[in-house]
Each structure stands twice: as C-alpha cells, then as structure tokens.
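Quick note on labels: first sequence line is chain A, next is B, and so on, each numbered from 1. This is a predicted model, so every value here is computed, not measured.
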Amino acid sequence: MDILEGLNEEQKEAVLYFGSPLLVLAGAGSGKTKVITHKIMFLVKEVGIPLHRILAITFTNKAASEMKGRVRKTLGIDEYPPWISTFHSISAKILRMEAEHIGYAPDFIIYDEEDSKKTIRDVIKELDLNTDIYKPEKIKQIISSIKQSLDDTALEFYSFTMPHLPKIYEKYEEHLAFSNAMDFDDLLLNVVKLFKENQEILKQWQNRFDYILVDEYQDTNKVQHEILKLIVGDRNCITVVGDPQQCIYTWRGANPENILEFEQDFPNTKIIKLERNYRSTEKILLVANKVISRTKGRWKEKVLKLWTDRKGGEDIYLLKLDTDKQESLFIGKKIQQLIRDEGYSYSDFAVLIRMSYLSRNIEEVFVNLRIPYQIIGGVKFFERAEVKDILAYLRFALQPKDTQAFKRIINLPSRGIGEKTIQKIQSHYESDWIQAINDAYETFSSKIKMRLQEFLEIIDTVRKYGNKAPSEMAKYIFDTVNYEDYLVSKYPNDWEDRIANVQELFNALKEIEKSGKTFLEFLEESSLSQAQDNLQNDNSVKIMTVHASKGLEFPVVFIAGLEDGVFPSGRSFEDIEQMEEERRLFYVAVTRAKEKLFMTFSKLRAGYGNQLNETKPSRFIQDIKDHVKTFTAGKKTAKVPEKSASAYNSSSKTQTFNRTISDFKVGELVKHDVFGKGVIKGIEGNKAIVIFEGVGEKKILKDFLKR
DNA sequence: TTTGACATCATTTTT
DNA sequence: TGATGTCAAA
C-alpha cells in the first residue's frame, strides 16, 4: 500500500513533514487517525526508523489496538508494534521496569477510583476528622488535581477551609506506599519523578525512541505533557494531533489551551490544519459549526471551520416530548422505522447521553421493543462488586500489602471479623497483612483464631497456584467461601446476573492462561480498561455517554436529554469555563453523526426515586434552532412553528404504519418512498424481499410498499 | 463485637 | 435506584 494513498493535500503534508515538531490541528472527522497511521508507515518505510523505536500514544486502548492492527497490516509484518498504547498503559509499563528507582516493588498494584476513595476515607477516619468538612469525594478530587497539574497551590488554597488537608494528603501517600499501590495519577506522576530524578534512566528511555506521536492531544494534561517533554528532550521527533474544540476532559486536568501552547515548549513547530470533514453531511456540519462558533474561549479565532463537499443531507430534527419515557419510546420506534424503511441495521445507531443514568429508560424501552443494544460506559465490568470481590482475593494473595483488597475480603462473606479485629491486626502491621495477622494472632479469642485460620488457608492455597491457574483459583475461592450463597442473600433481585458476571470473569481468566499473560498483566489491563474497550462490533444499537463516544462515528445519532441541568450539566451553571466545556461536549456529540441526527428533550424527567421533575430546554437549543426542524410529539403547542410541526407529521412514517394492505405477490412491481421502484422477489410473513432499481435487495415491511 | 434493619442521602463526565 | 450511615438487638 502506498503511503500517500487516499490522502488529501493537507494530510499528505502532515504525513511527510519531518525535521521539526509538528502540530496537526485536525477537526472532527478530518482523518486524523489515518494521518497518524500513515505517518508511522512513512517513518518506517521512508525514514528507516524501526517500528519498535516509534512511540505512539492514543486516547483509548481500543484506538491503540486498532492502530496496531492497521500498522501491522499495512507494513505486512507479523509482530504487533510494541509501543502503541495509552499514556497510562505506557507509564505502567515503564514503571514496572523501573519500579525500584522510585521505591516501589515491580509488582505494585494499581488502585482504581474506588480503592483510592476508600483509602482517603480510611485516612480521614484515622485522623478522626469531621466528614462533613472533609468529604472524601472532594478530597480525592483535590489531590488528583494537584497530581495532575504538578502544582500544589491548590493545597494551600483549600487549607483555609480544611486545615488538615496537607496531613490527609501525606497520610494518603503513606498508605499507598505501604500497600505498594499507585493510584491512576501516580502512574503518570511517577514517570515524571523517575525521569527527573534519574538522568541516566531518562537518557536510556530517550534512546529507546526515535519518534513520538500523540493523538487527541487536546485532552492531555500537564503531567502527560511533561512526560512528552522529557522523552523528546531537545530532539525534533514529535508529532501531535488534536482539536481544541474537542477538549472534554478539563476536569481531569486537560486544557484546550495546552494544544495552542505546544509551540512554546517545542520550538520551530510546524502547524498544519485539517478542516475538510469526510464524515458528516453539510447540514450536520452547519449545526456543529454553529454550536462551536458561540464559544467564548480566548482562542476563538483559532476555531477550525469544518467543510465538506457532501452537500445537503437530511434535515436534522429536534423533538420535544412530554416525558422521558416517551422520549425513549420515540427513539426506539424511530430506530425500528429506519431499519424497516431505509435498510439501516441496529449497529448504525448510537444514542448519546450526558449522564449514564439516562440510559435506564432507554434500556427499558429497548428491551420491550426487542431492540438489541449495548451500553458503553456506566459501571464497567471490572468495577462490578462481584467481579472486584473475587479479584480482590486474587489480588491479595498476589500482593499481601494490598490494603484495600485485604479490607474488602477479610470479612466477605461475613466471617465474624469486624472493625475491632481489623484494627488490632493493623496495629501489628509491619511488612504486609499476612504477617500482621500472624503477629496479632495470639491476642484473639479461639473463635476468631479459627476464622482467621480459615482465611489464611484460602489465601495460602491461592498464593501457591494463583499465578499458574488464576481461573482455577477464582473458582476455588467462589466455592470455598460460598460466594454464591452470599450473592443470593445480598442481591435477591439480580443475583443471577451477578453470578453470570463471575462466570464471565472465570472465562476472562482462562483466556490469560491460554495467552501466556501473567495474572499481574491481566490485573493491570483490567484496571486500565476503558468504556470503549468493551465496544463490540455486533449488530446492536450503542447507548453511551458523550464522553465515551469520543473518536467514534455512526450513521444515525440520537442526542437525548437536551435539557438545562442535564446537557449542559447543572454543575456547569456558575462556571464559564465549565459551560464552555459543555458546549464542546455538545459539539463532539453532534459531530459523531454521519447521515442523520435527532435531538430530543422531555418536559418532565425522572430524577432520583421516580419523581418527575419539570425541565427547561437546553440553552444550546437556542443556538441551533434555525437550522433544525423542531416539532412537538403528541399535542401541538403554540411555540412550535406551524410549518415544522406539520412537516414532521406528513413525513412521519409511524402514521402510515397501520394501513391495511392486501397481499403482494412475487414478481409484482412495487414502489417505496425511499428506494423507489422495485420488484418483489419473495415474501416472508409481513415482510417482502424486494429488488430495487439501483439500490439492490432489501427486506421491507409490506406496509411500506405501494403498488 | 458484629450484624442486620432502617433511614437518609445524593447523582457528570473517567484513566 | 442504590449506596452509605446509624442504631439497637444478638
């Protein structure tokens, strides 16, 4: 395959540019991943850089593995490129190799969000502080933002209201250290520390890579930026690709301005803009451009303006519904209708939402309508309590320093070991929890001794075989602790689903035995797994948060819940910066659509419990209302332009759905609103197989055929 | 000391 | 809805 095949002028320029740092400002759907893949080809084939000396950083694991596959295929090689990965995975890889230099054992454990929060809660309790002032959630956020920004002024700032904050921070770090654990932020931060404190090691890592590429650069934070700066050094070997308008992770330390300041850190930066969009219709892009042109950001003049030569396109609809149930129902029915009428399949659709809990209604309706769907995001597989429980046993056996794993399982299922016993054990802690139990052992009553003995025996067995046969050990744990009974009594409503999840965990563990991966590698992968990683290419409608939709595209997109307080989120009301991010988020949502775009909002929406609350339409609607067809479902209201409402009604296929029709015969000539003329090839129940002129064969509900 | 029943609370987005 | 905190009984 030719390196420049199928690329436009700007893309070619970006691929071939070499000699100084390159910043590619690439709008949504402008082919930025393509540019990166082709650039890797160029570097290997033309510049002569060995593939394993190229470091390519993507935003998701899924993007990484897709890129790996593509590079492998286009270069016609067998092995997978080793250094295409996410920031977090690469950092973990580096830290495993260099752990000793920063005072960690190489088998450190990665604490997920829940583990970290629990650790902070423990610390706050230990220090006997008031949890109304010292809220674990908030404190986790503060610590996280400090670690992400390499700047501890926030510590001072919040110390006015929380004088013990520095103490909590310090204790939290201590806890992590003695658990031989790192939180997500540490994975990045420790790489910076490692490189800054060990010039020799930094040099070695610089020497490992001849070129560095970064995708989705707009969502990198300060630490990630720092890692890049360190690895690149004073060489000219970096290309970053991104779009400030798609920066949606400022709450994780990213900043749309970072990308614009790239030039300052990397002198002689060449900038190439990709504004030609290959994804969406002109009408969709018009709305997208409208949304983002209202931005108040300082970098307003640098906004990319997307254009396409896919002129026209289908109208974009904005629907107002009475209740959230109706909203879901509309979406479901519309999907079915488009499948029937226009030959779409389930996998062509995505429903985008601002918050994961909005998926519940939609899910319910889809179940009723028998629409196959997949929810991406929400509670992830490895975050499910039952999965974490079993994994915690394995984790603890592997790493008996792991405090959160220990606390999770020591009394699960209940074996009569409560808070006091744990405290006593903790007071004997020196090297790890097993040692602590043994040292505290003699102080306990015979009953507790027995229980601890049982626990230690389980752990001992798992320790012996855990690495070789993790799936066997998972089953062993499941049986020995009567985990099934525990699930049944704790979750009388959905224990079956939960057992199925455990079953799935067994399978996943079996897989690693086959693939030759270690259990530690598996653990690492699972803790760094992302929402998109589970995305399957099956024939189902995808329901996901806008965040999870980053980088994806779909022929038909629904954006649900366009209400003030939902989208934009109520949390963003007082903060201009946050509101700007909501706007960018909306922009990302709109630009996922290739052909059709529907936006919906509901007058009433259920909050927690099941209480219906009145809503206000999203303020973003104001910006786009001239470019979309608005209508109200059900009753017409005065506010809706007469024309639009009637336009919908006349074009609404659902209205014509119940026509009674006499039977068609094979060979009969028919007409269809969308596909035009055709001839019936066969009949299957209420559907007909029709060959349409210039369209081909389609299965169509007879109701939609005319003679 | 531990457990389980009950009340109360809050919900963005995620590596 | 579900997760967490509080309190009295075992």
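Aromatic ring centres of A:H547 and A:W251 lie closer together than 6.0 Å. Annotation: A:Y217 is in aromatic contact with A:F262 [ring centroid separation under 6.0 Å].
More than 12 heavy atoms of other residues, nucleotides or ligands sit less than 6.0 Å from atom NZ of A:K117.
With centroids closer than 5.5 Å and planes inclined by less than 30 degrees as the test, A:W251 and the base of B:dT13 pass as a stacked pair.
Each of A:N61 and A:S572 was assigned the nucleotide of DNA chain B with the nearest heavy atom; the assignment lying further toward the 5' end belongs to A:S572. Mapping A:K420 and A:T545 onto DNA chain B by nearest heavy atom places A:K420 closer to the 5' end of the strand.
Counting any heavy atom pair closer than 4.0 Å across all strands shown, A:S89 reaches no nucleic acid atom. When heavy atoms are screened at a 4.0 angstrom cut-off, A:E113 is found touching base atoms of the nucleic acid. Residue A:I248 is classed as having no contact, given no heavy-atom separation below 4.0 Å to the nucleic acid. Within 4.0 Å of A:S356, counting heavy atoms only, lie sugar-phosphate atoms of the nucleic acid but no base atom. Within the nucleic acid shown, A:Q578 comes within 4.0 Å of at least one base atom, counting heavy atoms only.
A:K550 forms a cation-pi arrangement with A:F59, by the criterion of a distance under 6.0 Å to the ring centre and an angle within 45° of the ring axis.
Between A:Y486 and A:Y491, the ring-plane angle classifies as perpendicular under the 30° and 60° cut-offs. Note on ring orientation: taking the six-membered ring where Trp is involved, the planes of A:W205 and A:F195 are tilted (angle from 30° to 60°).
Atom NZ in A:K147 sits roughly 16 Å away from atom C1' in B:dT14 (whole-Å rounding). Rounded to an integer number of Å, the gap from A:I227 CD1 to B:dT15 P is 17 Å. The separation between A:E137 atom CD and B:dC9 atom P is 17 Å, rounded to whole Å. Between the C1' atom of B:dT14 and the CZ atom of A:F382 lies a distance of 16 Å, rounded to the nearest Å. For A:Q141 and B:dT14, the CD to C1' distance is 12 Å, given to the nearest whole Å. Atoms CG (A:D112) and P (B:dT15) sit 11 Å apart, rounded to a whole Å. For the pair A:M355 CE and B:dT13 C1', the interatomic distance rounds to 10 Å; values are reported in whole Å. C:dG5 atom C1' lies 12 Å from atom CD of A:E419, rounded to whole Å.
Proximity of A:N411 to the phosphate of B:dT3: a side-chain N or O atom is located under 4.0 Å from OP1 or OP2. For A:S414 and B:dT2, the shortest distance from a side-chain N or O to OP1 or OP2 is not below 4.0 Å. Between A:S529 and B:dT15 there is no side-chain polar atom (N or O) within less than 4.0 angstrom of OP1 or OP2.
Comparing B:dT2, B:dT15, C:dG5 against the side chain of A:R121 picks out C:dG5 as the nearest. Taking the side chain of A:R252 as heavy atoms from C-beta on, and the options B:dT14, B:dT13, B:dT1, the nearest nucleotide is B:dT14.
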